[in-house]
Visitor: 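Supplied in structure tokens, the structure appears directly below.
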Amino acid sequence: MKVVFWLLDVNYEKREEIPEIWMWGINASGERILVIDRSFVDYFYAVVKEDREVMQVAEDIKCQHHASIEKLEIVERKHFGKPVKALKVYCKNPDETAKLAKSLRNLESIEDCFEDDVRFSMRYLIDNNISPCGWHEVEAFEEEPDANVSVDKTFVAKSAPKASEKTSVPKLRTLAFSIIRYSREGSPKAHKDPVVIISTANSSGEEKQFLADEAKNDKQMLETFIEHVQKFNPDIIVGYGSNERDWPYLRERCKKLRLPLHVDRTKTEPHKSTYGHVSVTGRANIDLADYADEFPEVKVKTLENLADYLGAAKTEKRTIIEEIDYAEHWESTEKRELLKKFSQENTRSIMMIADAVLDFATQLSFLVGLPLDHVGTAAAGLRVEWFIIKNTRDEGELVPRRTEQPYMPYTGGIVLSPKPGLHEKVAVLDFKSMYPNLMITYNLSPDSYVSPNMPEPTTGVYVAPEVGHKFRRQSDGFFKKILLQLIKARSEIRSKMNEFSPESAEYRVLDARQKAVKVITNATYGYAGWVGARWYIKPVAEATAAWGRHVIQTTIKMAETAGLKVVYGDTDSIFIAYEKKKVEQLSKEIQAKLGLEVELDKVYERVFFTEAKKRYAGLLSDGKLDIVGLEAMRGDWAMVAKTVQEEVLTIVLKERSPEKAKAFVKQFISDLRQKRIAYHDLVIWKTLTKPPSEYEVKAAHVEASKMLKEKGWDLTVGDKVGYVIVKGSGRLYERVKPYMLASYDEVDIEYYVTKQVVPAAARVLESFGVTEEQLLSVQEKSEGKKLLTDFFET
DNA sequence: GCGTTCAATGTACCT
DNA sequence: ACAGGTACATTGAACGCG
């Protein structure tokens, strides 16, 4: 019978020594099904040395390793575009593929072995062109389901599944959860500290909370929670920080309580995979923290901040309870209610983020071919890499091994020094997807690179400016093929989007898909220059950047020749005085001369530059302000400084009144000194980028993290530390306190005045002759009427 | 011995 | 654990002065 299913998860099991691929899916009628394929045989490639007789080498190996080799084929493949003869070695036991490859690699007749590092289940997906989060068809027969497997039906595949045309996404059951752990002092430890609250919410709109008993025993609660998961039987489980915190804690806690944490579909427990995610067999476990980078506007990526950004704040003002106060809240009858409410709110926030992110996650998984639970934890470079692996199969290109490479930096894009001050009517012209298009135009790819010791092809080469790297003109490299395919796909998706209303499910899915395509397209250049890339060839990235410099420099010259003043530019954009006709004409000329598309990205009514690069603010015709690079956009400045700077920019750009801005700043400083500003707005957040012991100099946020550690609160690399500066003497790092451990009275307000608010404001106002001293002076005359004495203020 | 100078360190941003 | 280019605050040792 023909079975059609949408692939949710895949894993590999071995039953009676037979390797099985298990595909967990959903069929068109919404049944949860398992499709088992017992026919797939793992393999790897052994590339034979050029001077060796391939047949002979094959015979020798077959004899020598007949016990572990299922079969052996002689094949033609490519390695960085170069044709090679290889043996495709099929292995009886997938668990021993790498071992066998390792021993063959030592053979004198073998150059190297490849793809033994592609895991069995990924091998299966790639070879059969199966995409997670996509629909497939398979000839199969139904089998009696295993008692330990919770699905509606189980099938055994008679042949490999085939991708289907269907592009919809089935209705998925999603369960969100968050936990509250009780700890009297410091970070909770699973061996002693119980989980006291688990809050859940699901895609059917139900919310359920589980509580420990009065003696804080959590065993029964955990049991009920596990039952609840099984009963709802979700396809997707979402949490925030769940891979690093919740799952490991629940696992350890359950182990201690001798309770099997059976939340999956096969009665096994969540397990940490090599990719860093926690895998729940038969479901997709997703840690939404892995998608927090999708929201760069949110600087401190707490659950609350993300939810607020996504619109939670509009509905209701929540009370945030710090982890440090959980125990106290649990102990008090009234406060416990607040804690319960807070916990449920957290889960609601998780659901909200899931709504904002899951379409994208699904489409990314479908595009790059990594299972839904892997794709989130996979770093950008690995997402690109799996996409390449999936899409170079038909090329016959072997997947290179990851090798240790020396890091050699190279020159990147050009940044122009801005013309400081205010400018009226400035157009921003930029090249559409400049790097991907350069890679297409000049065939920049790992397999089309012509190294200095290679003979130049008769059909000619492209020679990159400045750096001189050569790439063959004829026969497209796989980067070019892939990028063309991606760009075409995106424009097709975007035109299809027009057929639907922006509110429809179809539109949402398509939008998520075009976003996924864009992400992979734009990351390809970065991938090319990444030393850790399997297909790392430095000249590919270096030549791309060199062509980019050539293009932007040519563009600048053409603009100037056309009589257009260039005010600023960065990598793939130029800011020019806006003269409609001339700019339109220029765009056409650039397109004709360079073969790349330029776009009039925006026109600023007015734009402000300091002398620094990468920092400016522009006013758009709809009254919106674009602030770029300045303190107001940074996460490591106190809110007081950011809001003041934003207001200053607004006044200066909209009203052109530095005087008014100055008055505003002075008023604000006065308010600040009178403590009329929220304590929260004084907190400074900085990331701990390495273990505290590895810092070479003392730093405020590191000292703050040490103080937290003293109190038992562990922070790990990547965490943000929130601190305030308190009164006292000595270096800054000697006057720091974690914000939860300090009070307003201790705060050194003058630090915030002189080192946060004034510098942020002066960054803008100094261009207009307003000095830091003037902002700090108390008796300044208003309305801009300056007295002689104003110039002598200190 | 003390204040000043400046390269190094560290973080976060832009395209 | 995608690239390079850039700004800026703070540290801490070298430096200059006397």
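Within every chain, numbering begins at 1; the chains are lettered A, B, ... in the order of the sequence lines, protein sequences first and strands thereafter.
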Visitor: From OH of Tyr695(A) over to P of dT9(B), roughly how many Å is that when rounded to an integer?
Guide: 14 Å
Visitor: Measure NZ/Lys698(A) against P/dT10(C) and give the value in whole Å, please.
Guide: 17 Å
Visitor: May I ask you to say what Tyr751(A) touches in the nucleic acid, namely base, sugar-phosphate or nothing, with a heavy-atom cut-off under 4.0 Å?
Guide: sugar-phosphate
Visitor: When you check the phosphate oxygens OP1 and OP2 of dA1(C), does a side-chain N or O of Tyr407(A) lie under 4.0 Å from one of them?
Guide: no
Visitor: Can you confirm if the aromatic rings of Tyr616(A) and Phe609(A) lie within a centre distance of less than 6.0 Å?
Guide: yes
Visitor: Grab the CD1-C1' distance between Ile388(A) and dC2(C) for me, whole Å please.
Guide: 11 Å
Visitor: Ile627(A) CD1 to dC13(B) P: how many Å, rounded?
Guide: 14 Å
Visitor: Step by step, would you call Arg402(A) with Glu385(A) a salt bridge (Lys or Arg N to Asp or Glu O under 4.0 Å)?
Guide: CA-CA 11 Å; Arg402(A) 216 179 284 290; Glu385(A) 193 152 75; 2.6 Å; yes
Visitor: Return no unless some side-chain N or O of Lys614(A) is found under 4.0 Å from OP1 or OP2 of dT6(C).
Guide: no
Visitor: Using the rule ring-ring contact (aromatic ring centres under 6.0 Å, His included), only one of Phe479(A), Tyr462(A), Tyr449(A) pairs with Phe471(A); which is it?
Guide: Tyr449(A)
Visitor: Without decimals, in angstroms, what is the distance between Asn522(A) CG and dA3(C) P?
Guide: 15 Å
Visitor: If the test is salt bridge (charged side-chain N to carboxylate O under 4.0 Å, His left out), which one of Lys642(A), Arg763(A), Lys755(A) qualifies with Glu631(A)?
Guide: Arg763(A)
Visitor: Rounding to a whole Å, what distance do you find between Arg534(A):CZ and dA1(C):P?
Guide: 17 Å
Visitor: Looking only at side-chain N and O atoms, does Arg735(A) come under 4.0 Å of OP1 or OP2 in dT10(C)?
Guide: no
Visitor: Remember a base hit wins even if backbone is also touched, and classify Arg634(A) as base, sugar-phosphate or nothing at under 4.0 Å, heavy atoms.
Guide: base
Visitor: Find the distance Lys720(A):NZ to dA12(B):C1' and express it as a whole number of Å.
Guide: 8 Å
Visitor: Would you classify Phe431(A) as touching base, sugar-phosphate or nothing, given that sugar-phosphate means primed atoms plus P, OP1 and OP2, and contacts are heavy atoms under 4.0 Å?
Guide: nothing
Visitor: Using the ring of each side chain (for Trp, its six-membered ring), is Tyr442(A) parallel, tilted or perpendicular to Trp547(A), with breaks at 30° and 60°?
Guide: parallel
Visitor: Figure out the NZ/C1' separation between Lys686(A) and dC13(B), and round it to whole Å.
Guide: 13 Å
Visitor: So, OP1 or OP2 of dG4(C): does either fall under 4.0 Å of a side-chain N or O from Thr571(A)?
Guide: no
